[in-house]
Structures are given as C-alpha cells and as structure tokens.
Amino acid sequence: MKAAASSKSSLQACHAPKKHSGGRCTSYGHIALLLGYPQRARQVGVCLKHLPSFDPTDPDRHFYHDQNVPWQRVVNAKGGISPRGDGGAGASRHVQKLRGEGIVVNDQGNGIAEAWVDMERWGWFPTRIPGEESEPDDEDDTTS
DNA sequence: TCAGCGGCCCGGC
DNA sequence: CGCCGGGCCGCTG
C-alpha cells in the first residue's frame, strides 16, 4: 500500500519540543509515521516486542537487537509505558532502562503499573529519520 | 476530563 | 482458515 499522501501528515499534533535536556523519548505512532505508515503504531510495538536479544556468542547473528536499538525510548503517545500483560516484567525493564539514561519516569509510587514519562519534557518528535538522506529529489549530479 | 469505539494489521490459537 | 487480542491512536459522546 502506498504510504499515503504525506501532505496530510497529521503529525503536526506532536507537542512542540521544549527544552529537552538529555534523554529523548518518542512514541510508537511517531515511529510509524516516520516510516511512512502513520496507522501502524501497533505494528511498531510488535516489532520491538520481537526484537531479538543480543547474542554475545554470535554478535553478527542479528543486525538489530535489544542492545543496539534504543527500544526503551519508545512509549505510547501519552508518554505511558504499557503493562504488556506480562505482569509488569517487561514494563519494569523498560522503566529501569529509561532511568538508566537519566530519564525521569513517574510511577506514582505504585510500581510500574502507571509508569509514564512527561513528553512535554522528554518527548522528541523529529520530522525525519535521523541519518536518513533528505530526499531523492536532489539528484544534483551536476558537480562533474 | 474520561471512557468507549472503530480503524489498522499482524501474530497466535 | 477464521477468530481474538495486542507494547496504539485519535475521534466522539
């Protein structure tokens, strides 16, 4: 399917990035948006869920794995960290990792059940994928 | 404000 | 092969 007309990118909804002082988080939906599939936020979650564990005995086994992909910086649109339905084990790791990099995670003192990060402060919603070529349209090979 | 519902797709019975 | 549920999202009551 086509990636839909980018002209109607409702991405503008992203909170205006204020002063982020270090760690940066984004949302499943935003990732999906950057990839060109604004309605597949859930699939993004599925992908992160299936992200393989890094295998020290065979480093090249996976190109992407839980140690070279900052999966913990992806939370839901409201900054919440989903329980995943595994009793909180996954969410707990999620929270630990975020705090490990200095991001403030609120938990209201009730464990990770209601964990969330303030997206006004930690949110990061780039308009394009960092490191990606701007666009293929600037094929200015006139240099030669 | 908050809960509910539909939409989007895919993965697991 | 069909149905149910999911690491979501945004729009309605």
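Just so it is clear: chains get the letters A, B, ... in the order the sequence lines come, proteins before strands, and each one is counted from 1. For clarity, every value in this text was computed on a predicted model and none was experimentally measured.
Arg93(A) places its CZ atom 11 Å from the C1' atom of dG7(C), with the value rounded to the nearest Å. When the C1' atom of dC8(C) is taken as reference, atom CG of Leu48(A) falls 12 Å away, rounded to whole Å. For the pair Leu34(A) CG and dC9(C) P, the computed distance is 13 Å after rounding to whole Å. Between Leu33(A) atom CG and dC8(B) atom P the separation is 16 Å, expressed in whole Å. Counting to the nearest Å, the P atom of dC9(B) and the OH atom of Tyr37(A) are 10 Å from each other. Computed from coordinates, the Asn76(A) CG to dG10(C) P distance equals 10 Å when rounded to whole Å. The CE-C1' distance, from Met119(A) to dC8(C), rounds to 13 Å in whole Å. One can place CD1 of Ile81(A) at 15 Å from C1' of dC8(C), the figure rounded to the nearest angstrom.
For the pair Pro126(A)/His30(A), a side-chain contact is recorded, criterion being any heavy-atom separation below 4.5 Å from C-beta on. Side-chain contact check for Asp66(A) versus Arg93(A): every heavy-atom pair is 4.5 Å or farther apart. Annotation: side chain of Ile31(A) is not in contact with side chain of Leu48(A) (no heavy-atom distance under 4.5 Å). Residues Val104(A) and Trp122(A) are in side-chain contact: their nearest non-hydrogen atoms beyond the backbone lie under 4.5 Å apart. Side-chain atoms of Val75(A) and Trp116(A), non-hydrogen and from C-beta on, never get closer than 4.5 Å to each other. Taking 4.5 Å as the limit, some side-chain heavy atom of Leu98(A) sits within range of a side-chain heavy atom of His94(A).
Considering Leu33(A), Leu34(A), Thr26(A) as possible partners of Phe125(A), the one that fulfils the side chain to side chain contact (heavy atoms under 4.5 Å, CB included) test is Thr26(A).
Here dC9(B) is the nucleotide among dG7(C), dC9(B), dG10(C) with the atom lying nearest to any side-chain atom of Gln43(A). Minimum atom distance to the side chain of His50(A) is reached by dG12(B), of the listed dG12(B), dC9(C), dC10(B). Checking dC10(B), dG7(C), dG10(C) against the side-chain heavy atoms of Ser82(A) singles out dG7(C) as nearest.
At a threshold of 4.0 Å, the pair Lys49(A)-Asp86(A) does not count as salt-bridged, since none of the basic side-chain nitrogens sits closer than that to a carboxylate oxygen.
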Can you name the atoms? Protein N/O to nucleotides 4-7 of chain B N/O, anything below 3.5 Å, with the distance.
residue	atom	partner	partner atom	Å
dG7(B)	O6	Arg42(A)	NH1	3.3

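When the side-chain contact (heavy atoms from CB on, under 4.5 Å) test is applied to His62(A), the partners found at least two apart in sequence or on another chain are Pro52(A), His65(A).
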Notebook entry, point to check: Given pairs defined as Watson-Crick or G-U wobble with both distances under 3.5 Å, what dot-bracket annotation applies to DNA chain C, with ( ) intrastrand, [ ] crossing, | other strand and . unpaired?
Noted result: .|||||.||||||
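Nearest-nucleotide mapping onto DNA chain C: of Lys78(A) and Val46(A), the residue sitting toward the 5' end is Val46(A).
Heavy atoms of His94(A) sit under 4.0 angstrom from at least one base atom.
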